[in-house]
Number of protein chains: 2
Amino acid sequence: MNNYPTLRQLQYLCAIDKYMNFRIAAEECFITQPTLSAAIKEMEQLLGNQVLDRTNRKKIIFTPFGQEVVQTAKAILPQLDQLTANAQRLSEPLSGLIRLGIIPTIAPYLLPDILPILQNKFPKMAFKITEDLSASLVDKIQEGDLDLILMAFPYDTEKLETFSLLKENFYCACPPDYFPNKKSLKTDDLKNHHLLLLEDGHCLRDHALESCKLQLPNDQKLLSATSLQTILQMVAQGYGITLLPKMVVDTKILPQNIKIIPLKNPTPTREIGFAWRKGSPQVSNIQAISKEIKAHLK
Amino acid sequence: MNNYPTLRQLQYLCAIDKYMNFRIAAEECFITQPTLSAAIKEMEQLLGNQVLDRTNRKKIIFTPFGQEVVQTAKAILPQLDQLTANAQRLSEPLSGLIRLGIIPTIAPYLLPDILPILQNKFPKMAFKITEDLSASLVDKIQEGDLDLILMAFPYDTEKLETFSLLKENFYCACPPDYFPNKKSLKTDDLKNHHLLLLEDGHCLRDHALESCKLQLPNDQKLLSATSLQTILQMVAQGYGITLLPKMVVDTKILPQNIKIIPLKNPTPTREIGFAWRKGSPQVSNIQAISKEIKAHLK
DNA sequence: ATAATCAATAGAAAAAATCTATTAATAATA
DNA sequence: TATTATTAATAGATTTTTTCTATTGATTAT
């Protein structure tokens, strides 16, 4: 382990360089002159070289080495100034960076809504959005690479803290000629239809399956796609049916040839909420965010 | 005055970043683990931001701010490493930079002799040569811009320390047809001849005048030139006479048409030696140099 | 369920930084 | 030239900081 001069010593030396007078420099450093003398002397002892010429008590002369020390100090101290300034800024309440992870089956439908709210309500905060599958997001938050995730429950969030925002129903989306005259469906009604779902890993798939799995035979009538848009296009073209959460149904840009029918008795649902590490340094920010978003979603 | 985290704290944080384990990092820093914990905690308090996530006691997670601190530390610490390494190197005996000033009437005649000696005898030292008039050199050494000067005495060196290297005689240099049959001259003999000297400021001029001034009438038979070479050319072309110190006479490259005649009773002289600030940090180096050069000049 | 490992905490001991008071040296002034 | 004022260095006391040992609470591995 190396033995460095202290930052205090470097600051003091810079003050001497600036004022070329011990008494004044000491004053500017809010210390007494003997303290300043002692500090410089100790630094010289530590470095094994004189930093100041003691030839003339009335005139301060830096040795070439002393000038080198001053130069290094002048390079280093501003970097620390910046660091402490950043720290100051970050330590303000409701400020700093929130690294927010969102699952793909929420992001496109909720983000356009809530991001402007956040930016408006918390102008000193910055948000970095990451879109990924639940499992990956949970990994990342555990690794400290994310501060907060917006996801769907139920999900095994281990030791994460969670906050529920809303619970939404699933709807059946099918071609227009399916289920004629039906105002609502039971999950049983979905049997024997091609059920189109997202590929493995998407919690939406699991939530949909969970709601219906008892009714679904273990056959090949399941199809996996990589995005909801793909699935919707396939439904519109008559390939089969799918289950959509309310926020997707509410989207204004659903394809034309799709009929939406509510599900009843029981109505399958998924829950949307935040999750974060217990004891995260961001808890206060997260609480403020949760409260604000929940208020807005009502 | 700003309040920075200490370098120790930054080092400790870097160790944690490196080993991702408090116990091991503490060991590498030669401190105990509680000390390390306390140091990080104190730094966090100082900066007003958490640096590590305390979510999980078994896994170390840096906050984004913590990563910023590490980054700053990694930028700063190497600079200080270099500084201390330089200090180490410089603190070795007979090492470092000597800023040597030499007057123009010595430099061309002595430097080719002694510079190789110095570089050979003190391989760890570096020499920076400055050529200027005595007054300017004395100014510069007082300002701390030079460590050592090689000059001619007598000279008012105020509070400088001096060390004599040699005393050399002056010779008369004249056209071949002057002073026929004379093996030596008195300063009186120079009267009524055009005396060519360097311009004001050169101590050689003063030393020459000092030797002869009582004999010299205050007339216009004095001519001032800017370099010894100019004067020698003028002497060779019959413009007048001049006084040369022995080291110049010994030069192999004197012009052809010049006769050198010793001066006797009294023989004018000048003294060559070193001068430096009393209490200069370089005294030990300077003593070694003086001793070496004097031994060589014998 | 038990043992092992980790970081945090508490309190004592050691080291450091800083202070006041003074001295020695230099420069300015009478 | 003697006196005064100003400078940086020194000495010793005090306060602050750093570090240590011993222990706890939490988590993981066996």
Side-chain angles (χ1 to χ4, degrees), chain A residues 1 3-13 15-46 50-63 66 142-144 158-161 277-281, chain B residues 1 3-13 15-46 50-63 66 142-144 158-160 277-279 281:
Chain A
M1 214 67 189
N3 222 359
Y4 301 130
T6 68
L7 290 173
R8 221 168 295 215
Q9 289 165 346
L10 294 178
Q11 282 180 291
Y12 294 169
L13 192 71
I16 292 177
D17 177 61
K18 187 170 175 187
Y19 299 105
M20 282 298 181
N21 175 303
F22 272 61
R23 187 181 50 76
I24 297 173
E27 209 167 284
E28 293 293 322
C29 293
F30 307 109
I31 53 170
T32 59
Q33 168 267 312
T35 300
L36 183 57
S37 289
I40 300 301
K41 202 174 162 193
E42 193 190 317
M43 181 166 70
E44 287 178 326
Q45 186 145 7
L46 178 87
Q50 278 189 245
V51 163
L52 297 177
D53 235 302
R54 300 308 198 294
T55 297
N56 187 333
R57 279 212 192 210
K58 284 282 176 176
K59 182 185 273 178
I60 289 175
I61 298 177
F62 282 82
T63 63
Q142 294 289 14
E143 291 295 321
E158 299 179 27
K159 299 138 208 168
L160 295 181
E161 201 98 42
R277 287 190 308 284
K278 272 177 199 162
S280 159
Chain B
M1 215 66 189
N3 221 359
Y4 300 130
T6 68
L7 291 173
R8 221 168 296 214
Q9 288 165 347
L10 293 178
Q11 282 180 290
Y12 293 169
L13 192 71
I16 292 177
D17 177 61
K18 186 169 176 188
Y19 299 105
M20 282 298 182
N21 176 302
F22 272 61
R23 188 181 49 77
I24 297 172
E27 209 167 282
E28 294 295 320
C29 293
F30 305 111
I31 54 171
T32 59
Q33 170 264 314
T35 299
L36 183 57
S37 289
I40 300 301
K41 202 174 161 193
E42 192 189 319
M43 181 166 71
E44 288 179 327
Q45 186 145 7
L46 178 87
Q50 278 189 245
V51 163
L52 296 178
D53 235 302
R54 300 309 198 296
T55 297
N56 188 333
R57 282 212 190 211
K58 283 282 176 176
K59 181 185 272 177
I60 289 175
I61 298 178
F62 281 81
T63 64
Q142 294 289 14
E143 290 294 320
E158 300 179 27
K159 299 137 209 168
L160 295 181
R277 288 190 308 284
K278 272 178 196 161

*Name the stems with DNA chain D in them: runs of three or more consecutive Watson-Crick or G-U pairs, distances under 3.5 Å?*
C:1-30 with D:1-30
*Return no unless some side-chain N or O of B/Arg8 is found under 4.0 Å from OP1 or OP2 of D/dT17.*
no
*Mind checking side chain to side chain contact (heavy atoms under 4.5 Å, CB included) for A/Glu161 and listing every partner two or more places apart, or none if nothing turns up?*
A/Trp276, A/Lys278
_Using the side chain to side chain contact (heavy atoms under 4.5 Å, CB included) criterion, which residues pair with B/Ala26? Sequence neighbours excluded._
B/Ile31, B/Gln33, B/Leu36
_Holding to side-chain hydrogen bond (donor to acceptor under 3.5 Å, both in side chains), I want the full list of residues that pass it with B/Glu42, two or more places apart in sequence or in another chain._
none
*Rounded to whole angstroms, how far apart are CG on B/Asn3 and C1' on D/dT17?*
13 Å
*Please name all residues satisfying side-chain hydrogen bond (donor to acceptor under 3.5 Å, both in side chains) with B/Glu27, sequence neighbours left out, ordered by chain then number.*
none
*Looking at C/dA17, C/dC6, C/dA8, which one has an atom nearest to any side-chain atom of A/Gln9?*
C/dA17
*D/dT7 phosphate, OP1 or OP2: any side-chain N/O from A/Tyr19 under 4.0 angstrom?*
no
*asked:* Quick check for you: to the nearest 0.5 Å, what is the distance between A/Gln50 atom CD and A/Met43 atom CE?
replied: 12.0 Å
*What are the residues of residues 32-42 of chain B, sorted by number, that bring a heavy atom to within less than 4.0 Å of DNA chain C?*
B/Gln33, B/Pro34, B/Ser37, B/Lys41
*Check side-chain hydrogen bond (donor to acceptor under 3.5 Å, both in side chains) between B/Thr63 and all other residues, then give those that pass, not counting sequence neighbours.*
none
*How close or far is atom P of D/dA8 from atom CZ of A/Arg23, stated in whole angstroms?*
8 Å
Would you tabulate the side-chain donor-acceptor contacts of residues 16-24 of chain A under 3.5 Å, counting partners in other chains and residues two or more places apart, or write 'none'?
from	atom 1	to	atom 2	distance (Å)
A/Asp17	OD2	A/Lys74	NZ	3.0
A/Tyr19	OH	A/Glu28	OE1	3.3
A/Asn21	OD1	A/Arg23	N	2.9
A/Asn21	OD1	A/Ile24	N	2.9

